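Nothing here was measured: the structure is a model prediction, and the numbers come from that model.
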Amino acid sequence: IAALEKKKMDALSYVEGIDEESARIADELEILETELEEAEEKKEELKEEKLRLRKELDGQYETMKARIKYMYENGNQEYIELILRSGSFSEMLNRAEYVSKISQYDNDLLNEYIRKQELLMQTESKLEEHLEYLDRVKEEKEYNQKKLGELRKMKETEIAAYTEQIGKSKKEIKEYT
C-alpha cells in the first residue's frame with residue numbers, strides 16, 4: 001500500500017508538471033492568437049496600400065502615356081516654333097520659361113511615377129514577408145495545439161492507469177481483510 005501511495009504521489013507530481021506545461025502552452029497559444037489577429041490586420045492594411053498604389057500608378061501611367069503620345073504626334077517642333085514666333089525678346093524668354101516648366105512638369109511626373117513604383121515594390125515585399133511571418137505563426141500555433149493535445153492525452157492515460165492500479169489494489173486489500 002505504501003508503494004502504491006508513493007506511486008500515486010509521483011503520479012500527482014507528474015500530473016502537476018503536465019498541468020504546468022499545459023498552462024504554459026495555453027499561454028503561448030493565447031499570445032500566438034493575438035499575434036495572428038494583428039498579423040491579419042496588418043496583411044489587410046498592406047493589401048489596401050498595394051491596391052491604392054496600383055490605382056495611382058495606373059492613373060499616372062495613363063497620364064504619361066497620353067503626354068508621350070501628344071509629344072510624339074506633335075513633336076518638339078511645336079515648342080521651338082512657339083519660342084521662335086515670339087514678337088519680342090521678353091516674350092521669347094517668357095515662352096522659353098513656359099517650355100521649361102512643361103519639361104520640368106514632365107520630369108516631375110516621371111520621377112513621381114518611379115517613386116511610386118518603388119514604393120509599390122517595397123509594399124509588395126513587405127506583404128510577402130508578412131505573409132511568410134503569418135505562415136510561421138500559424139505553424140507554431142498548430143504545433144503548440146498538437147503538443148497540448150498530446151500532453152492532455154498523456155495526462156488522461158496516466159491518471160486512468162493509476163486509478164485502475166489503485167482500484168485493483170483497494171480491491172485486493174478488501175479481499176485480504
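For the pair L109/Y105, a side-chain contact is recorded, criterion being any heavy-atom separation below 4.5 Å from C-beta on. The shortest side-chain heavy-atom distance between E112 and R115 falls under the 4.5 Å cut-off. When side chains are defined from C-beta on, R95 does not count as touching M92, because their heavy atoms never get closer than 4.5 Å. A 4.5 Å side-chain heavy-atom check between E49 and K126 finds every atom pair outside the cut-off. Side-chain contact between L110 and I114 is present, with heavy atoms from C-beta onward closer than 4.5 Å. The shortest side-chain heavy-atom distance between K116 and M121 does not fall under the 4.5 Å cut-off. Proximity of K146 to E150: side-chain heavy atoms (C-beta onward) are separated by under 4.5 Å at one or more points.
Side-chain atoms of T123 come within 3.5 Å of backbone atoms of L119 as a donor-acceptor pair (strictly under, hydrogens ignored). In terms of modelled atom types and a separation under 3.5 Å, the side chain of T157 and the main chain of K153 share a donor-acceptor contact. Within the 3.5 Å criterion, the main-chain N or O of A96 finds no donor-acceptor partner in the side chain of S100.
Comment: E56 engages R52 in a salt bridge, judged by a side-chain N to carboxylate O separation of less than 4.0 angstrom. Residues K101 and E97 are paired through a salt bridge, judged by an N-O separation under 4.0 Å between the basic side chain and the carboxylate. With respect to R136 and E139, no salt bridge is recorded, no charged nitrogen being found less than 4.0 Å from a carboxylate O. For K147 and E21, the salt-bridge test passes: some basic side-chain N is under 4.0 Å from an acidic carboxylate O.
Rounded to the nearest 0.5 angstrom, S88 OG and N94 CG are separated by 8.0 Å. Here H130 contributes atom NE2 and E45 contributes atom CD; the two are 8.5 Å apart, rounded to the nearest 0.5 Å. Rounding to the nearest 0.5 Å places CG of D58 at 10.0 Å from NZ of K55.
In terms of heavy-atom proximity, N144 sits nearest to I25 at O-CG2, 3.4 Å. Considering every non-hydrogen atom in both L29 and Q145, the closest pair reads CD2-CG, 3.5 Å. Of all heavy-atom pairs between K50 and L127, the closest is CD-CD2, 4.3 Å. The minimum heavy-atom distance linking Y113 with Q60 is given by the pair CA-OE1, 3.6 Å.
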K138 and E33: CA distance, side-chain angles, deciding distance, salt bridge (Lys or Arg N to Asp or Glu O under 4.0 Å) verdict: CA-CA 9 Å; K138 285 179 181 177; E33 190 63 39; over 6 Å; no
Residues R85, E91; criterion side chain to side chain contact (heavy atoms under 4.5 Å, CB included); working and verdict: CA-CA 9 Å; R85 282 187 286 158; E91 188 179 346; over 6 Å; no
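Heavy atoms from other residues, nucleotides or ligands lying under 6.0 Å from NZ of K42 number 12 at most.
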